[in-house]
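Letters go in sequence order (proteins before strands), and every chain restarts at 1.
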2 protein chains.
Amino acid sequence: MARATISDVAAAAGVSQATVSRALRGSANVSPATRAKVEQAAESLNFTLSKSASTLASGRTMRVLLLVSGPLNTWFNASVLQGVYDVLAPEGYDTIPAFVTNREQLDRFFRDLPRDRNADAIIITSFEFDTALHDQLSALGMPVVGLNSPSTAGFDASIGIDNAAAITSGVQLLRSLGHRRIAFVHDYIPHDMVYGTSTRVAAFRTAAAQAGYGDDDIVMIGADHHDTTPAMLDVTAAGIVARLLSCEQHPTGIMGETDEFTAAVYKELRRQHLAAPRDFSIMGFDDAPVSRTLDLTTLHQNPVELGNAAARKVLALLRGEAPEQTHELVPATLVLRETTGRAPNGR
Amino acid sequence: MARATISDVAAAAGVSQATVSRALRGSANVSPATRAKVEQAAESLNFTLSKSASTLASGRTMRVLLLVSGPLNTWFNASVLQGVYDVLAPEGYDTIPAFVTNREQLDRFFRDLPRDRNADAIIITSFEFDTALHDQLSALGMPVVGLNSPSTAGFDASIGIDNAAAITSGVQLLRSLGHRRIAFVHDYIPHDMVYGTSTRVAAFRTAAAQAGYGDDDIVMIGADHHDTTPAMLDVTAAGIVARLLSCEQHPTGIMGETDEFTAAVYKELRRQHLAAPRDFSIMGFDDAPVSRTLDLTTLHQNPVELGNAAARKVLALLRGEAPEQTHELVPATLVLRETTGRAPNGR
DNA sequence: TTGTACGCGTTATCAT
DNA sequence: ATGATAACGCGTACAA
């Protein structure tokens, strides 16, 4: 059985192709009677419109790209995908995930994007762009919405959490608990600056200074490579803890860039027979599931909702409307759990 | 600047459209000289082939659907997606994720799939199908590959882990450690049987029986609802632990259906001042990152590699070849960590 | 409200 | 190896 085409349906319903097209897409100017006839004919012929043919004829692809930084199987990226999918799918849009791992891939991605005509819009998450890239964004010729991008330049709309404010509240928590020396532990920061990892690092620096910590009271320790395999994470964490504990007078307040990373550091700390909050305080960032299972104090964000919001902005832009809020900054709120408490005596 | 079309390139290169098409797709029968001319013309006009137009003309969409059971933001599903993407993207295929949460959505999905002509193949993960669905699969009219599906019926190819063998090895571990009574804790099993959650439950039952456990020595405890939010997970786990500990003589060997679920149960157990492996042994399934952070004994599987393999089978099928192995069953291997040990005395 | 007819940008068939 | 041309299946002015 060859596939039914729109003209088969037209013939079966006794109307023209154009009317079938209008009826099936819920367009106006179709009488209820004809619409019913057409729908029935389509149903009995087991027919739906071909997305590719529609795309070719209309110019709309009904697809939106989701470009994430790094692998798709992290809690954050997967949750954003879920959130985007949730609002796009009911509207008939496909969500096409993509990711790049280095600057070269990113450049090629942006170069091919506009001419491929394979998507109507793009959502870009967690990228740290230099100005050259902002120009590329504008040249894309389609709506571009940013998610947790440090700058709004080049984006038609964006949503993100207020990293700076969140980290400030974290720093202030540690200070109010009496921690005289504090540390920030973070992932590897690649030189080509594709990833957005440095926003929180910078935020910690300034927050600590503002809270009155001197340069000697702050220690920043980053991973020295970018191998994210679980096994390597433990090794990385071990190295970080070694550096942490070998400070002349080691920090007792620790903030981590993400919950996953913090969990590894925390684990190594326990392996050294140190306990939180007895011997130190430690807090993560994200409120990922692992922070719950560890009762880790953290800063809450909801990537599913960020994805929802980004997708809604895309939809508005695609309709030619302005999003309710063009550039939105939502707070990440402190969640107190069991790993933070008063600084140990004498520190 | 209007977009360049294939005929613009043809004109610029001084050849016909047909030749441009052949040259740009790396087809045979194009002289190196013309190919170079064409490529250069395309480059200078900033041209690439339109996927939609190609699809319409050729019938190939260069897209494959990935249907997962449940949300995309679980470790397993996100990892499968990553694995599929990794092998499909270099070949020029888009990976389109989709998921359904109940039987009705699933039926509609399958009904619309063949007539939408929006994908060349489909990968289906972790679904428990009844026979009616197997027929629908065959009627899809495109390659269908299964991933961790309990049966191979209806699939053109499949890959999955050997749940039964893995669970048997887990049960035997507990028995060899001296646990006289054992329990299996698992997620909610919906009545419409869309999810594949029952495979491991059934496997545990038979493995326990074969290992010599009597009916009174086995306790199965499932969640009584399907709310997977992190906060509810803790509540669910609390209920399960309550039931576990209020048994006449409670089991000391516990297996969980997944690491995530097991982690929640384990946490509640610790909250009751019970410690593993001192008071009980507990093991998970999957070797998800959380099992590492908890040093949880578990059964290892690698969903990224499963995704890779499934995608490779799709590619083979699409080329009209037979996959290297049509139906593949890979072992899930026991990973001994810190939460299992000899049964407490007197039990 | 409905129909006519053209165009969307390729691929594929058949010549040459 | 290359060129002409007919599909591919739909959207959309424009006309009726």
Scanning both residues in full, the closest heavy-atom pair of A:Leu24 with A:Val38 reads CD1-CG1, 3.6 Å

Please give, in whole Å, the distance from D:dC8 P to A:Leu56 CG? 14 Å

Could you run down nucleotides 10-16 of chain D 5' to 3' and tag each one B, S or - for protein heavy-atom contact under 4.0 Å? BSB----

What residues form a side-chain contact (heavy atoms from CB on, under 4.5 Å) with B:Leu56, not counting sequence neighbours? A:Ala53, A:Leu56

By side-chain contact (heavy atoms from CB on, under 4.5 Å), which residues pair with B:Thr19, not counting sequence neighbours? B:Val15, B:Ser16, B:Arg22, B:Thr34

With sugar-phosphate meaning primed atoms plus P, OP1 and OP2, does A:Val20 contact a base, only sugar-phosphate, or nothing at under 4.0 Å between heavy atoms? nothing

Going by salt bridge (charged side-chain N to carboxylate O under 4.0 Å, His left out), name the pairs with one or both residues in residues 78-87 of chain A, residues two or more places apart or in two chains. none

Considering only residues two or more places apart or on different chains, which pairs with a residue in residues 42-61 of chain A satisfy salt bridge (charged side-chain N to carboxylate O under 4.0 Å, His left out)? A:Lys51-A:Asp94

Using distance only, find each side-chain donor-acceptor pair of residues 306-315 of chain B under 3.5 Å and give its atom names and separation, not counting sequence neighbours.
from	atom 1	to	atom 2	distance (Å)
B:Lys313	NZ	B:Gln325	O	2.5
B:Lys313	NZ	B:Glu328	OE1	2.7

Reading DNA chain C in the 5' to 3' direction, which nucleotide is the first one with an atom under 4.0 Å from a heavy atom of chain B, and which is the last? C:dG9 to C:dA12

According to ring-ring contact (aromatic ring centres under 6.0 Å, His included), does anything in residues 83-105 of chain A pair up with another residue at least two apart or in another chain? List the pairs. A:Tyr85-B:Phe99, A:Phe99-B:Tyr85

Restricting to side-chain hydrogen bond (donor to acceptor under 3.5 Å, both in side chains), what partner residues turn up for B:Arg25, sequence neighbours left out? B:Ser21

